[in-house]
Amino acid sequence: MSELPSSVDVVVVGGGNAAFCAALAAAEKGVSVLVLERAPEDEAGGNSRFTAGAFRCVYDGVEDLRALMPDLTDQEVAVTDFGTYTADTFFDDMGRVTEYRTDPDLCELLVTRSRETMLWMRGKGVRFAPIYGRQAYKVDGRFKFWGGLAVEAWGGGPGLVEALTTAARKAGIQVVYEARAMALIADDDGVKGVRVRHQGRTREVAAKAVVLAAGGFQANTEWRTRYLGPTWELAKIRGTRFNTGDGIEMALKVGAMATGNWSGSHAVGWDRNAPEFGDLAVGDNFQKHSYPWGIMLNANGERFVDEGADFRNYTYAKYGRVILMQPGQFAWQVFDAKIIPMLRDEYRIKQVTKVRADTLEELVQKLDDVNADKALATIKAYNAAVMTDVPFDPNVKDGRGTRGLAVDKTNWANTIDTPPFEAFAVTCGITFTFGGLKVDTSAQVIDTDGRVIPGLCAAGELVGGLFYFNYPGGTGLMAGSVFGRIAGDSAGARAAAM
Ligand SMILES: Cc1cc2nc3c(=O)[nH]c(=O)nc-3n(C[C@H](O)[C@H](O)[C@H](O)COP(=O)(O)OP(=O)(O)OC[C@H]3O[C@@H](n4cnc5c(N)ncnc54)[C@H](O)[C@@H]3O)c2cc1C
């Protein structure tokens, strides 16, 4: 077990993607770096480890992807339309989904540094691969990527955390597990270190700069209810149980400014019977993200949202909240035999809440806690409203909607009429909170008077201002990497100059 030093140049609080990117960038300045991870080693890596490792980054064509993924074969390139994901499209996506509230300076960094940061990570030994499984459909013998998301870390979240940890060790960075930062040591000149609880003892570690990368407050039931609002105490936590807002709280106590969408969060449809916190053996597979091809029914047997409003990448992060606000905080996703083979891999896991039937009448009886008569009537009315003259195409927003329903579906409306039928029960799984600390473009934390707090930087989920209401899939890891690297640069440069 690694011992805590009494002083070091840079302390990084957290053990996820943002923390390790910060630690690696700080170490490039030739200073000593200590990573404090609250979790024991077997649960370490934060939410980053629970992910599939999808990264949203700018690429202007397949050559940009080849630079990132030299393993891409000519054969793969020949059968795949990767398209492009330009900086303009990334900006547009961030603007649209956040209703144009995203902080323009932070958003610009996220977008313009995305590709170079991925290449930098690659240089540190993180490998990437195309996300064929979840982000591309094969049509007429060719894969086509959609939704701005083409790259994932090799080995998903666990592979990412392992690669980053290996890189940190290679760079001489000390990582201490079960080390919970409790408070910042600060005076009028800024932050001078951290108070840490380790092996049952509270100790102080002096530092020239501290980077906070300890995640959001989603795993803190009381804060969830306090800031997100009533009913949020009933959400399940998709990832780590260790992100309870410690980093945010520590910074606020030394005068940091709170910013961003404090009542907002990333939350998705998640198996109704999933455990209270994430399970590393299941990872993100409790999510159920094929709803754009089917319908969702609530306890009243009614549809309540446009399941096909956009590609799942642009709706999934806000639909968890919509499900949480339904009676009983649940919904059933319903599909028929035409769509079942297309369902994402997460629908075929063992730990799934699923019913199956050969008739719609039998199916609705099996939907726990649902008004069966109303559910049957809803499905029939939906079937009658589908624009069957428009062809179904999962690779584009196909415009195959419904006509004349109270809640119309905009795209991918498939009739539910071919047995067998399957339905999956979901509730709300919260991923991370959007509100957090105010930082400048060097990832330095700003105080309530608008001044930099010397020696304090922040990155990852606990930074506020980037996301409001919604989020484009794959941006959390990208933001953690971009701002982690910037925070590490700033902290390392300060320590080197002192
Ligand atoms: C199931 C799931 C799937 C996801 N899939 C994706 C995806 O494919 N792509 C994507 O971009 N995003 C995805 N996300 C979101 C993504 O995980 C986060 O946006 C990102 O990982 C946040 O990185 P981070 O470093 O800020 O936080 P984390 O990775 O959560 O790291 C925070 C760290 O801080 C530690 N910590 C907390 N308190 C303290 C303390 N007091 N002292 C010391 N350490 C502390 C924690 O133990 C943890 O190690 C997913 C999230 C989940 C839960």
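Worth knowing before you read on, the calculation uses all heavy atoms, side chains too, and leaves out hydrogens, waters and symmetry mates. Whatever order the structure lists them in is the order used to number ligands and atoms, beginning at 1. These numbers were taken from a predicted model, which means no experiment stands behind them.
Counting heavy atoms closer than 4.0 Å to ligand 1, residue Phe20 contributes nothing at all. If you look at Ala213 next to ligand 1, the close heavy atoms, those under 4.0 Å, all belong to the backbone. At a heavy-atom distance under 4.0 Å, only backbone atoms of Thr475 (N, CA, C or O) approach ligand 1. Using a 4.0 Å cut-off between heavy atoms, Asp246 contacts ligand 1 through its side chain alone, with no backbone atom that close. At a 4.0 Å heavy-atom cut-off, ligand 1 touches Thr51 through backbone and side chain alike.
With values rounded to the nearest 0.5 angstrom, Thr221 atom OG1 is found 6.0 Å from Glu276 atom CD.
Around atom 12 (N) of ligand 1, the closest heavy atom drawn from Phe483, Tyr471, Phe432 belongs to Tyr471.
Less than 4.0 angstrom separates some heavy atom of Gly53 from each of these atoms of ligand 1: 8 (O). Against a heavy-atom cut-off of under 4.0 Å, Ala179 is close to the following atoms of ligand 1: 42 (N), 43 (C).
Of all heavy-atom pairs spanning Met296 and Ile323, the tightest one is SD-CD1, 4.1 Å.
Both the sub-6.0 Å distance and the 45° axial angle are not jointly satisfied by Arg241 relative to the ring of Phe277.
With hydrogens left out, the protein atom closest to atom 33 (C) of ligand 1 is Gly15 N, 3.5 Å, a heavy atom. What sits closest to atom 27 (O) of ligand 1 on the protein, heavy atoms only, is Glu461 CD, 4.0 Å.
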